[in-house]
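The structure appears right after this line, and notes come after that.
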Amino acid sequence: MATRTVTVLNVAEKPSVAKSVSAILSRNQGLRVREGRSRYNKIFEFTYSIRGQPCQMLFTSVTGHLMELEFEDRYRKWHSCDPADLYHAPVRKFVPEDKKDIKRTLEEEARRCQWLVLWLDCDREGENIAFEVVDVCTAANRYVTLKRARFSALIDREIHNAVQNLVEPNKWFADAVDARQEIDLRIGASFTRFQTMLLRDAFIIDTPTDDRNLVLSYGPCQFPTLGFVVERYWEIQAHEPEEFWLINCSHRSDEGVANFSWMRGHLFDYTCAVIIYEMCTEEPNATVTNVKQQEKLKYPPYPLNTIELEKRASRYFRMSSEHTMKVAEELYQAGFISYPRTETDSFSSRTDLHTIVQEQQGHPEWGIYAQRLLDPGTGLWRNPRGGGHDDKAHPPIHPTKFSAGEAGWSQDHRKLYELVVRHFLACVSKPAVGAETIVEIDIAGEQFSVCGRVILEFIPTALTLDSGVTRPPPLLSEADLLSSMDKEGIGTDATMHDHIKKLLDRFYVTKDSSTRFTPTNLGEALVMGYDDMGYKLWKPDLRAVMERDMKSVSEGVKSKDEVLANSLQQMKACFLDVSSPVYLIQFKFRQLEIPPNYSVNHLARARGPNTPTSHANQSNTRQGLCTNCQQTGHSSNDCPSQNLGSRNAEHRRMNQHNGNVGPVYLIQFKFRQLEIPPNYSVNHLARARGPNTPTSHANQSNTRQGLCTNCQQTGHSSNDCPSQNLGSRNAEHRRMNQHNGNVVSSDSVLAMVFELPLWM
DNA sequence: GCAAGGTC
């Protein structure tokens, strides 16, 4: 007996997925396409059988979220209510004007269907969009049967498997997103209105802009991003240059000059440096103690994902991440590269990498290399390493169509396409091999080393005691900023560039020609205002707490309502405190204290008699209230709002001191009695840093794949680093040494070296 | 005139 055919409406998150899945399910047999109401979202039609049930399949798509969250009309005007009311003002979801055509397509098609199959991306946002689609479709046809297709890649087996094993949509996932949306909206709108109305008149923007349109926005992603820029700026401001001394040793031969580095690095104690230097000059004969020859491998990069594309385009071309994504989107739309918004940095074993390389063989610049890669005789090919990330929806960014440049391409299109292709070719190449020789010498017990020359025994042609000063870290580059955001979970791969652009658009930061960011007067003042109140609103912590809450909701551990109530209660308490008269005055004065710089200047007319300098005294006068959240019943130590911030201004100052680069060592010297300089005891501790004073922070150097985090060289890890014998940079080692007491070697000078953080 | 998240 023939089963009756059911009509099935299938909906994907984007048009490309509707197309791919339709092609896979129909095996391109009898696949038809027709227009929908929206020009981007076509409708594919084919027949299929789901577990023996004959189906007439209609396959269409949305373009991301179909709905937005907004306050009800009477709260939408800025002066319609106190911004504090926005923590409980009613909100509604609605389909914005530019999505109405998609909504009409869904309604019209849903009316003719018995089943609705949701093919949205299998992440939290996708699950939330699924429920938006359900809302629209069930409003048009309340009898439609709901099913969810769960798939992790757009490949045949996966897709057929998904449709034969349909599941229920996951409300918890969708709830997590609902909670995030509502929190983001309420916090963002309340703080933005508050900040803007309070402070707009305190600044004059030099750039041609209508003052009335100036918005001082607050957002849970844009502010932590601003925070990264300001924090680095403060580290630089707080840096106090410190003089250090070092011994440089060089040897000139027929082959050239070999400059040996002193293995102690930098010494901050002049007297000690002089003593060691004099020892060396008294017995200047240098003995070669070690010659190490080693192969150095330079590993190819991981396959390209969005963040890495943005970082590299910024480093190589100084292209902004926002512009990079715009150009990448255009290349994708024209079919030249794969989908540019992806977290994935591993190729599936099923990807036909050879074919992708084959297509590039005719290119005038890298065509020959592509040919050599494919020639087994060269041994150049190597299957790519995986970086360990997979968003289960898209492959790493790779070329999908050959081009030697198109007529309509700008320079940036060329550059970005070239980056994608070259990166891909590098990924399937074996590591580059280099050789290096490290020579270590000893002069009067002092160790020096040089890379790349072989000499046996000699007297240095130059042995000098030189001085230098410590330098602050550099301003954050766009690549650094992306790394920080990625590390701290601020924004998503698809939105990070938006947050960076927002800081520039709001005049919170400026960017120089080498893509480094400086906070403006305005940006710094906003962060400092909140920081002085003790709130971490500009730190990543708040977002991290929210992310943990979202995870709990998506796992069913907490309910959406519970998270919303708790989170909004805390944020409202914070908002009321920040906008309270006590801080209001101070917050405003804080803005006015900052001297003018960059594009934002302060207006002096409002300066008052006594700029408040201590908020602690003021808040302590409020007896019985928690100084953190202004509630009664607990002290600030037990405050439930604690994750919003500690009122510890000391914290910022400490961070400023943390800002100096590189570990500093203490070297214990034991002097021979006759050599003791005046005011020195037999056992003397001197501070030293080195040998390669790092110019960047650890989190930067860690992002440089394959480099030793100790000496920034390739070919070994920090554990095997040849510079390691200078002293372990291992805190454990330091603690051990401290507990062991002083260990003094039998030599006159030289004892133990151990690490000490610089601020101690 | 506010957010962040999808995607065109």
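Convention: sequence-line order gives letters A, B, ...; per-chain numbering from 1.
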Give the nucleotide from the list B/dA4, B/dC2, B/dG6 with an atom nearest to the side chain of A/Ala189. B/dC2
Using the side-chain heavy atoms of A/Pro220, tell me which of these nucleotides is nearest: B/dA4, B/dG5, B/dC2. B/dA4
When you measure from the side-chain N and O atoms of A/Gln222 to the phosphate of B/dA3, is any distance below 4.0 Å, counting only OP1 and OP2? yes
How is A/Gly126 classified with respect to the nucleic acid when contacts are heavy atoms under 4.0 Å: base, sugar-phosphate, or nothing? nothing
Candidate nucleotides B/dG6, B/dA4, B/dA3, ranked by approach to the side chain of A/His65 - the nearest: B/dG6
Side chain of A/Ser217, heavy atoms from C-beta onward: which of B/dT7, B/dA3, B/dG6 has the nearest atom to it? B/dA3
Salt bridge (Lys or Arg N to Asp or Glu O under 4.0 Å) involving A/Glu310 - partner list, sequence neighbours excluded: none
Is the phosphate of B/dG5 approached by A/Arg341 (side-chain N or O, under 4.0 Å from OP1 or OP2)? no
For A/His413 together with A/Phe336, are the ring centres under 6.0 Å from each other? no
Side-chain atoms of A/Leu69 come closest, of B/dG6, B/dA4, B/dA3, to B/dA3
Would you indicate what A/Lys326 reaches in the nucleic acid, counting non-hydrogen atoms under 4.0 angstrom: base, sugar-phosphate, or nothing? nothing
Tell me the salt bridge (charged side-chain N to carboxylate O under 4.0 Å, His left out) pairs involving residues 319-342 of chain A, sequence neighbours left out? A/Lys326-A/Glu330, A/Glu329-A/Arg341
At a heavy-atom distance below 4.0 Å, what parts of residues 77-96 of chain A sit against DNA chain B? A/Trp78, A/His79
Side chain of A/Val215 only, please: which of B/dG1, B/dA3, B/dG6 is the nearest? B/dG1
Below 4.0 Å: OP1/OP2 of B/dG5 and any side-chain N or O of A/Arg543: yes
Regarding A/Tyr75, tell me which of base, sugar-phosphate or nothing describes its non-hydrogen contacts under 4.0 Å with the strands shown. nothing
Heavy atoms under 4.0 Å, any strand shown: does A/Glu127 hit a base, just sugar-phosphate, or nothing? nothing
5'-most contact on DNA chain B: A/Thr196 or A/Glu68, nearest heavy atom basis? A/Thr196
If you look at every strand shown and take non-hydrogen atoms under 4.0 Å, does A/Ile187 touch a base, only sugar-phosphate, or nothing? nothing
Check this for me: does the side-chain of A/Gln195 come within 3.5 Å of the base of B/dC2 through a donor and an acceptor? no
Is it true that A/Glu109 and A/Arg34 make a salt bridge, defined as a side-chain N closer than 4.0 Å to a carboxylate O? yes
If you look at every strand shown and take non-hydrogen atoms under 4.0 Å, does A/Asn128 touch a base, only sugar-phosphate, or nothing? nothing
Under 4.0 Å between a side-chain nitrogen and a carboxylate oxygen: does that hold for A/Asp549 and A/Arg180? no
Counting only side-chain N and O atoms of A/Thr495, is one of them less than 4.0 Å from OP1 or OP2 of B/dG6? no
Does atom CD of A/Glu72 have more than 12 heavy-atom neighbours from other groups under 6.0 Å away? yes
